[in-house]
Amino acid sequence: MASGNQKRATRRLSAARRRRIHSKRMIIAISSVVMAFCIVMGAQMIKKYNTLKDLQEQERRLQTQYKKELQLSEELKDKEEYVKTDDYVEEMARNLGLLYPNEVIFKPEE
């Protein structure tokens, strides 16, 4: 009878060992999946961070360009207002060599 009890005890022990080994394997498998997930997520975060930095740099450049364009727009508006004045018309007429009636131009001798 003692040998029958020993066999049962051995079977129970081996079943417990098998469960422990199975549990350890499951823990290792789950840990591996979690680590792989963390690595993938870390890589994605680095990629997104770099994309964010690139977009921030592009935004800075576009804002600088926008300010320059606004300044140019203001200068063109000022020029448009000046073009409508008599001073501009007179300046262009002088560039074309036109004179007022009774106006005389003296040129120095060379």
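Positions are given from 1 along the sequence. Predicted, not measured: the structure shown is a model, and the values here were computed from it.
For Tyr100, the side-chain hydrogen bond (donor to acceptor under 3.5 Å, both in side chains) test picks out Glu90, with sequence neighbours left out. In this structure Arg20 satisfies the side-chain hydrogen bond (donor to acceptor under 3.5 Å, both in side chains) test with no other residue, sequence neighbours excluded. For Arg60, the salt bridge (Lys or Arg N to Asp or Glu O under 4.0 Å) partners are Glu57, not counting sequence neighbours.
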Test Leu62 against Gln65 for side chain to side chain contact (heavy atoms under 4.5 Å, CB included), laying out the working first.
-> CA-CA 5 Å; Leu62 289 173; Gln65 183 181 355; 3.9 Å; yes

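Sorted pairs that involve residues 37-53 and meet side chain to side chain donor-acceptor pair (under 3.5 Å), not counting sequence neighbours, are lacking altogether.
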Got a list of side-chain donor-acceptor pairs under 3.5 Å for residues 68-88, not counting sequence neighbours?
unit_1 : atom_1 : unit_2 : atom_2 : d
Tyr82  : OH     : Glu91  : OE1    : 2.5
Thr85  : OG1    : Tyr82  : O      : 2.6
Thr85  : OG1    : Tyr88  : N      : 3.4

Let me check something: any side-chain donor-acceptor pairs from residues 22-42 under 3.5 Å, sequence neighbours excluded? List them with distances.
unit_1 : atom_1 : unit_2 : atom_2 : d
Ser23  : OG     : Arg19  : O      : 2.9
Ser31  : OG     : Ile27  : O      : 2.8
Ser32  : OG     : Ile28  : O      : 2.9

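Looking at Leu55 and Gln58, their side chains come closer than 4.5 Å, going by heavy atoms from C-beta outward.
Remark: Leu98 CG to Met92 CE distance equals 11.5 Å, nearest 0.5 Å.
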